[in-house]
Amino acid sequence: MDPIAELIKNLADQHGRNRHNLLPILQGVVEQEKYLSEYSMIEIARELDLPASEVFGTATFYSFLEYKKMGRYIIRICKTITCSMKGKNQVLMAIEDMLKISVGETTPDGKFSLLQTNCLGFCHKAPAMLINNEVYNELTPEKVREILSLFMNRKKEGGPYDS
Amino acid sequence: MINLTINNKAIQVEEGTTIFEAAKHHNILIPHFCYMENVHQIGSCRICVVEVEGGKNLMASCVTEAKEGMVIHTNSERVRNVRKVIYELMLSDHPKECLRCWRNQNCELQDLGNLIQIKEFRYEGAKSKDIIDSSSPSIVRDSSKCILCRRCVTVCNDIQGVALMNPHHRGFSTFIGPSEDELLGESVCTNCGQCVLVCPVGALKEKDSTINVWDALYDKSKTVIVQTAPAVRAALGELFGYDPGTLVTGKMASALHELGFNYVFDTNFAADLTIMEEGSEFLERVKNAFTAPAENAVLPMITSCSPGWIKFMEHQYPGQLAHLSSCKSPHMMLGALSKSYFAEKLNIDPANIFVVSVMPCTAKKFEILRPEMYNNGHANVDAVITTRELGRMIKDGGIDFRNLPDGEFDSPLGLSSGAADIFGTTGGVMEAALRTVYELVTGRELPADNLHIRPIEGLNRIKTAELKIENPLEAFSFLAGVTVKVAVTSGLLGAAELLDEIKQGTSPYHFIEIMGCPGGCISGGGQPRPVNDAIRTKRLEAIYREDEGKSVRKSHENKDILMLYHNFLGAPLGHKSHELLHTIYTQRSKN
């Protein structure tokens, strides 16, 4: 059995195979794989006996369920107004400059993807961003460079910033 | 009962009534768009908003329950202005190319704009989608025209259970369809066309085949044969201003002659033939079930006239395909005969015969392309046009339909019995089959009310009947005292229920009729719009009227059928029948 099919089977065993178990299973796959490939969506449809189109519709509705191939670390920088007013653009430019990618892209080594997100609820500590599930706030270009270099230098998974 | 006021009118309605229905019952018409009574009431378009005094926002009347003491305005200044804004916003993401749209003057969005008096477009902006998917032989999807009403989503999911049409992404990026890169032509779509039937705009349409038909008509080297399905005659008139339920059989035959078809045949003839073949197949299977070892018995047998249903079964129940009758659908039979029996008779090369089927159905456009539907290298049928396409051809051809005299179908493939007429409606194939089968088994006429088996008529999802066999003829003595159980369903959700029973081995039936569209062919995906239960009932009654008006009402009494067997086919299920009239099915994947 291939690892994704096995992952999906295990998730289905854990959560159940009803329509309302779809979301936790989608989340489970994203947690492991960072995104939902067409193959994994069809596999989920098969495992839960749901129409593939319904799985795809649900997956594309939620902004934290990615359906394009993503890097190991997904950076989501807040694009809403408070963060913008507190210097998010400079932070974004620093990230783009350092990783040599623009919003929506993934680095060629498959390590980082850069996305924007709506409000993270950290307006009081703006600007804020997420790397996978971890929040980083009160960002400045200097601070973000520091954070990213820690990630860039990490060779193996399981380190302090791995999530 | 609760009391409320709408437009200063004090009214009383039952608890649980929506504001929209309450207003309608009291002759107050609220402009609406996505609403379909009892089918689709989700308030997605917001056109039906009304003002409820004391409420902060306007409310969509189709999803808001009327409450005691409500004071409602449906035509206040605020409501009328907001309605216009909603409409204009809808239009801001629509191409507005009405003049070259196939739904021009037959479009619910246009009608609504006229109704609420839109004279300007104040909003221009980005267009969200521009996918045109013409991969399917039956249905074309033009997402640029889609206004996200989600009617197709409701019929595809809740009525048909195919669940292919679904919303993807969200907000401005929302699109309706199969998933992002999936094409209709490569999907589990059954081609039933119920989505096309309910689409209010030009976003979903049948793939146009009229051009091919005109080309064939202009080609002097071709003998062009046309045939018309039973349900077409009960609905075609609606395209020419007749009330639903008006039969236009004679005018239709005349119009087809006037369009220049060389021979106007009737699919109903082949419906009689189907009964002979399918009835014989059923008796064969029953005989196996009662006399041979049990593992040879594949019952219930399921009818195979509806290509939408066939494709559904191939995708969803590939393990149960042996239950399907091996009979081709009637128009395929007639096509096969046109290019063999009739070609021999006229002494012309089948390659120069072009067969056109006028069908209430979009799935038939897919069916004619199946590799099994070729004999000796020739497609059984070359083009399928829907009832709506025929209406367009008649108008385009400058034919004054309403003033046509009543014409006749041509011989030898044009005569039909009343049993064939009722093929067009749910329950009809079963009734027609039992009229013949019962008589073959017992030698007596079907003991029913004017040959009608009432429990399997009408629009209920699943209908069943039982028929006890007493004093059968010698050859069927094994059936003495047996109660034959039959079930009838239309719409694919009901089909799935019956198939689940078969899959679990609990199906109590011997014979099942399944039609892919709710109500059967009378409301097939190629029929005139609109379709609702009232119109279905009218068409259904018309079909039964056609049956009762015939002197011959049983397939095995159709003299041209008997002649065909005598001169050409031999006997039902014979060698020639197997070659020309029977088919095989394909296992397909579910996702």
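Chain identifiers are assigned alphabetically (A, B, ...) following the order of the sequence lines, protein sequences preceding nucleic acid strands; residue numbering begins at 1 within each chain.
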(message) I'd like to know whether NZ of K69(A) has more than 12 heavy-atom contacts from other residues, nucleotides or ligands below 6.0 angstrom.
(response) no

(request) Tell me, yes or no, whether the heavy-atom count around I81(A) atom CD1, taken from other residues, nucleotides or ligands under 6.0 Å, exceeds 12. (result) no

(request) Report yes or no: do S63(A) and R170(B) form a side-chain donor-acceptor pair below 3.5 Å? (result) yes

(message) For a quick test of reading the model, state the closest non-hydrogen atom pair linking P51(A) to A163(B) and the distance between them.
(response) CG-CB, 3.1 Å

Let me have the donor-acceptor pairs involving side chains of residues 115-126 of chain A, under 3.5 Å, with sequence neighbours excluded, atom names and distances please.
unit_1, atom_1, unit_2, atom_2, d
Q116(A), OE1, K88(A), NZ, 3.1

(request) Could you pull out the closest heavy-atom pair between H169(B) and F61(A), with the gap in Å? (result) O-CD1, 3.9 Å

(request) Any chance you could measure I42(A), atom CD1, to K590(B), atom NZ, to the nearest 0.5 Å? (result) 14.0 Å

(message) Looking at Q14(A), I want to see if its CD is surrounded by more than 12 non-hydrogen atoms of other residues, nucleotides or ligands under 6.0 Å.
(response) yes

(request) With rounding to the nearest 0.5 Å, note down the distance linking OG in S179(B) to CD in E54(A). (result) 12.5 Å

(request) Locate the shortest heavy-atom distance separating L164(B) from S53(A); write the atom from each residue and the value. (result) O-OG, 2.7 Å

(message) Atom CD of residue position E138(A) - does it have more than 12 heavy atoms of other residues, nucleotides or ligands inside 6.0 Å?
(response) yes

